[in-house]
Amino acid sequence: MKLRQNPTDYDLVKQYIDGNHDSIDILINRHKDRIYTYIYLIVKNHQLSEDIFQDTFIKVIRSLRLGKYQDNGKFLAWVLRIAHNLIIDHFRREKQNNTFSKDDYELDIFNSNKFCEGNCEDDLIRDQIHDDIRELVEELPPDQREVVILRHYKGLSFKDIADQTDVSINTALGRMRYALINMRKIIEERNMSLTFQ
Amino acid sequence: MNEIYSLLQHDVLFSPDEMLSLLDTISDLNLFESSDLYQLLDEFKIKASGELVERIQTFNRSTLNVDLRIPDIRELMLN
């Protein structure tokens, strides 16, 4: 399919949905700086901005392919809202992990949740869930386990994981995907509950 | 737009709770279609790296036959 010389966002989205997978490249290039700037101005950290930017476009691609996007000519506004929601998710996690800290980038161990007053039962449940998850991770094949640990326990980006394990980013992403599938399979087989209320 | 300007100073002024409250307010304001916001973003323009864009483009091409409905690992509460 040939692209028009100056296609609108609407044209490009439609072309993408119709199967021209290259049209998303133009959309990304057209809006990347505004979206990256929005994320960076709020989180003020390049590594984190890159992760959120990447997650934003993965969500965009996923939504377009699943037909979840209703085009009303406001593609950029839609993508900015996705980025904004991911930023909120980030700050919610920050709040959970480090309840009282005012500094988003330096962890103060005395401000950790561990030192907050809590219900002993909640602590037990939380510990049990963490133990169960650790056991699940231990059961994964070594290459998948490595990616999960580096991503979710050490907080590395997929780029850093790829560098550190000497594989491509796609391989690292693929290993994470298979790790998820395997973990979900075990959870279902054993009827495990990993929900903390 | 005042909320956006406030956010730009958050490292000095805001706790995570205040940040979340401000971000929630912005969610409700429908600022994402605002030409003022686009103007501000162009003014502060920070370029996304070519490598980052390339990673997304590679993701797009390499997952053409992949089922993207698989939920995110965060659902498993690994954090």
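Chain naming here is simple, since letters A, B, ... match the order of the sequence lines and numbering starts at 1 in each. Just so you know, these numbers come straight off a predicted model, no measurement behind them.
The environment of A:E139 atom CD is dense: over 12 non-hydrogen atoms of other residues, nucleotides or ligands sit within 6.0 angstrom. Annotation: A:D166, atom CG; neighbour count of heavy atoms from other residues, nucleotides and ligands within 6.0 Å does not exceed 12.
With sequence neighbours left out, A:K32 forms a salt bridge (charged side-chain N to carboxylate O under 4.0 Å, His left out) with no residue at all.
Rounding to the nearest 0.5 Å gives a distance of 8.5 Å between CG of B:L41 and OH of A:Y38. Here the straight-line distance linking atom CZ of B:R55 with atom NZ of A:K159 works out to 6.5 Å at 0.5 Å rounding. Note that CG of B:L23 is 9.0 Å distant from CZ of A:R92, once rounded to the nearest 0.5 Å. The distance from the OH atom of B:Y38 to the OG1 atom of A:T37 is 13.5 Å, given to the nearest 0.5 Å.
Criterion: ILVMFWY side-chain heavy atoms under 4.5 Å apart, direct or through other members. Under it, A:V167 and A:Y178 are not part of a common hydrophobic cluster.
Closest of all the heavy-atom pairs between B:L52 and A:E50 is CD1-O, 3.7 Å.
Residue contact with chain B, scored on non-hydrogen atoms closer than 4.5 Å, involves the backbone and the side chain of A:I88 alike. Contact annotation for B:I56: both backbone and side-chain heavy atoms come within less than 4.5 Å of a heavy atom of chain A. Proximity to chain B (any heavy atom under 4.5 Å) is shown, for A:D25, by both the backbone and the side chain. For chain B, the nearby part of A:Y40 is the side chain; its heavy atoms alone come within less than 4.5 Å.
Between B:L40 and A:L41, some side-chain heavy-atom pair lies under the 4.5 Å cut-off. A heavy-atom distance below 4.5 Å is found between the side chains of B:N60 and A:Y16. A:L80 is not listed as a side-chain neighbour of B:L31, based on a closest heavy-atom distance of 4.5 Å or more. At a threshold of 4.5 Å between non-hydrogen side-chain atoms, the residues B:M19 and A:I42 count as touching. Looking at A:L76 and B:E33, their side chains never come closer than 4.5 Å, going by heavy atoms from C-beta outward.
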For B:Q57 and A:N29: C-alpha separation, side-chain torsions, deciding distance, then whether side chain to side chain contact (heavy atoms under 4.5 Å, CB included) applies.
CA-CA 10 Å; B:Q57 291 168 341; A:N29 280 311; 3.6 Å; yes
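Annotation: maximal heavy-atom pairing with chain B below 4.5 Å, among A:N170, A:I169, A:L173, occurs at A:N170.
A:R34 contributes no side-chain N or O that, together with a main-chain N or O of B:D42, makes up a donor-acceptor pair within less than 3.5 Å.
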